[in-house]
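Report on one structure; see the data block that follows.
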Amino acid sequence: MNQFNKRHETIISAGIDIGTSTTKLIISRFSLMNVAGTTHVPRIEIVDKEILYKSPVFRTPLLDASTIDTQGVERIIRSQYAEAGVTPSQIETGAVIITGETATKRNASEMLHHLSHEAGDFLVATAGPDLEGIIAAKGSGAYDYSAKSGKVIANIDIGGGTANIAVYKDKKLLGTCTMHIGGRLIEFQNGIVRSISPPIERLLAEQGWRLQVGDRADSPAVQQVTDFMASSLARILSKNVASDDHVLLLGHTPSWLDDVEAVVFSGGVSECMYQHELGQVQVAAYDDIGNQLAATLRQNGRLQSFEWLEPVETVRATVLGAGTQTTEISGATIQVAPHELPLKNIPIYQHDFMFDLQQGLDLFDSAISEAIALYDSTREGQNFALYISNLPYMGFRDIQSLSQAIIRLMEKRPDPSQPIILIIQSDHAKVIGQTLVAMNVQQSVICVDQINVETGDYIDIGKALDSGVVPVVVKTLTFHTS
């Protein structure tokens, strides 16, 4: 491991974001270093990061309303690799993220796996709306702002089809919500309405507003729609959900409890507000309600009651939120099932016990339900790793109570036969793992500790080494720009 004592040891990373409206790419270089002492188990971390290349913002190519043009996306990526002067073989880490309504296209999964093979050794993830909000909050700067300010900050990432809200305080995720608010929900052509998305058609019907394909783009109903979007967003942020708002909700209602104090807008509509990309060469062109929606959000009095913080990134927040990777070593106090290793691309869900075992157990059921909703909303059997943090001091009976709860709740997964994968913040992995085995748990158990992760990360666990430790790759879907 001596090579990692040198700061110039580097890896090349790529992030690719394929969204409802736009596709973009970044190439980055990360410097690695062993931050442990010479007598300690190596701990390799990213100590520096540099963006080498940002692509233009391209219009996402589609074959039709329900099919992504895979070859078109591939042409974009190949051309941008050439512009950046890199080849797929040089890409050692990164992420392909498919976001917004594009994630619902019928060939989305097939395209992702194809691209991950063609474009380098990627983490492959289809970002559902909640996960997309988490990623965007980190790329926009809201995640870091929440720690620097100590305030409850909502990041609202508004693209072509959705507004993905993630609320943070002190870098802790408090909750999420997604709404049908986006620039491409009404599209124009030559000053005429060309398309109206189904959620907006339902909104028009409920409100009794008249708008149809072929109407003029300056129809009063268009302004009524953007006014409603802004007012509805303000109510959602304040947790004052009205019955009229449900037509714009995608999934669950706001899941945070604290009052939002400040807001950060990212995404394509945010670019209409802040024009960070002004003067740069852009390929994407728009003829939709994006600019009108941005202006309406700016003018809404209820939204202005929040403190507004300017994003670090606008349209590129999600792509900058995709792609860092750290490698760690989990210590010898672990429990693993060697025949199940290696495991790759396992998403993380964090459950914080807040140093109170009973309180943590009381909230355990809802935590597992949220994890399933986040990572396996279609109930196809996507496994996840449960990260248990801030456990109190525990005696023998406490360990048994926790282990029994884990066994019971892991049966709730769509495919309960999958291995139980646990990451314990404290030095409890071996005792919890052995207790589960002693209780004759039906599943294989992989229980590791001394790893720093959080909700939204992905993890690879390698084969056990002769020393008993396992190498762990934490693929953090974040790019801290500060």
Side-chain angles (χ1 to χ4, degrees), residues 13-28 52-91 94-129 132 135-136 139 157-162 164 182-190 194-195 197 267-269 271 277 280-288 290 314-323:
S13 172
I16 300 170
D17 174 24
I18 304 163
T20 303
S21 298
T22 60
T23 292
K24 49 265 183 198
L25 174 149
I26 63 164
I27 303 293
S28 308
L52 301 178
Y53 178 77
K54 291 182 180 181
S55 79
V57 179
F58 295 90
R59 190 70 174 254
T60 297
L62 301 175
L63 293 176
D64 55 48
S66 61
T67 311
I68 303 165
D69 181 356
T70 300
Q71 291 185 342
V73 172
E74 193 171 328
R75 282 193 295 271
I76 290 173
I77 294 169
R78 286 178 176 172
S79 71
Q80 295 310 294
Y81 273 22
E83 287 289 330
V86 299
T87 63
S89 62
Q90 292 177 280
I91 305 298
V96 180
I97 305 296
I98 184 166
T99 57
E101 293 186 336
T102 312
T104 67
K105 305 304 182 188
R106 62 188 179 191
N107 63 336
S109 178
E110 174 188 343
M111 184 204 65
L112 275 173
H113 288 283
H114 173 74
L115 288 180
S116 70
H117 176 72
E118 293 292 322
D121 184 19
F122 282 110
L123 155 67
V124 178
T126 300
E132 182 182 350
I135 295 169
D157 188 74
I158 309 180
T162 57
N164 305 99
R184 289 188 66 186
L185 296 183
I186 301 177
E187 294 183 281
F188 310 122
Q189 186 173 25
N190 299 323
R194 183 172 69 89
S195 68
S197 69
V269 171
E271 174 59 25
E277 305 282 326
Q280 299 190 35
V281 176
Q282 298 298 302
V283 176
Y286 310 103
D287 196 0
D288 54 33
T314 55
V315 69
R316 300 178 192 270
T318 303
V319 75
L320 284 174

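Counting begins at 1 with the first residue of the sequence.
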Next on the checklist: To the closest 0.5 Å, what do you measure between OG1 (T23) and CZ (R59)?
Outcome noted: 10.5 Å

Checklist entry - Rounded to the nearest 0.5 Å, how far does OG of S55 lie from CD1 of I76? => result 8.5 Å

Checklist entry - Shortest non-hydrogen contact from A317 to A136? => result CB-O, 3.8 Å

Checklist entry - Above 12 or not: heavy atoms from other molecules or residues under 6.0 Å from CD of Q71? => result no

Checklist entry - For the residue pair G267 and D157, what are the closest heavy atoms and their distance? => result N-OD1, 3.1 Å

Checklist entry - Can you tell me how far the CG atom of L25 sits from the OH atom of Y81, to the nearest 0.5 Å? => result 6.0 Å

Checklist entry - Which pair of heavy atoms, one from I26 and one from K54, lies closest together, and at what distance? => result CG2-CG, 4.2 Å

Checklist entry - Rounded to the nearest 0.5 Å, how far apart are OG of S195 and CZ of R184? => result 7.5 Å

Checklist entry - Using 4.0 Å as the upper bound for N to carboxylate O, is an ion pair formed by K24 and D17? => result yes

Checklist entry - Roughly how far, to the nearest 0.5 Å, is the CZ atom of R194 from the CG atom of D287? => result 8.0 Å

Next on the checklist: Has R316 got a side-chain atom pairing as donor or acceptor with V57's backbone, closer than 3.5 angstrom?
Outcome noted: no

Checklist outcome for this item: Heavy-atom closest pair (I98 atom, I68 atom, distance to 0.1 Å) is CD1-CD1, 3.5 Å

Checklist outcome for this item: CD1 of I16 to CD1 of I77, rounded to nearest 0.5 Å, is 3.5 Å

Next on the checklist: Show the nearest heavy-atom pair for residues I27 and A14, with the distance to one decimal.
Outcome noted: CD1-CB, 3.8 Å

Checklist entry - Will you find, in the side chains of Q80 and Y53, an N or O donor that is under 3.5 Å from an N or O acceptor? => result yes

Item to check | Atom of P61, atom of G72 and distance for their closest heavy-atom approach | outcome: CG-C, 3.7 Å

Checklist entry - Is the backbone N or O of G19 less than 3.5 Å from a side-chain atom of T60, with the two atoms forming a donor-acceptor pair by type? => result yes

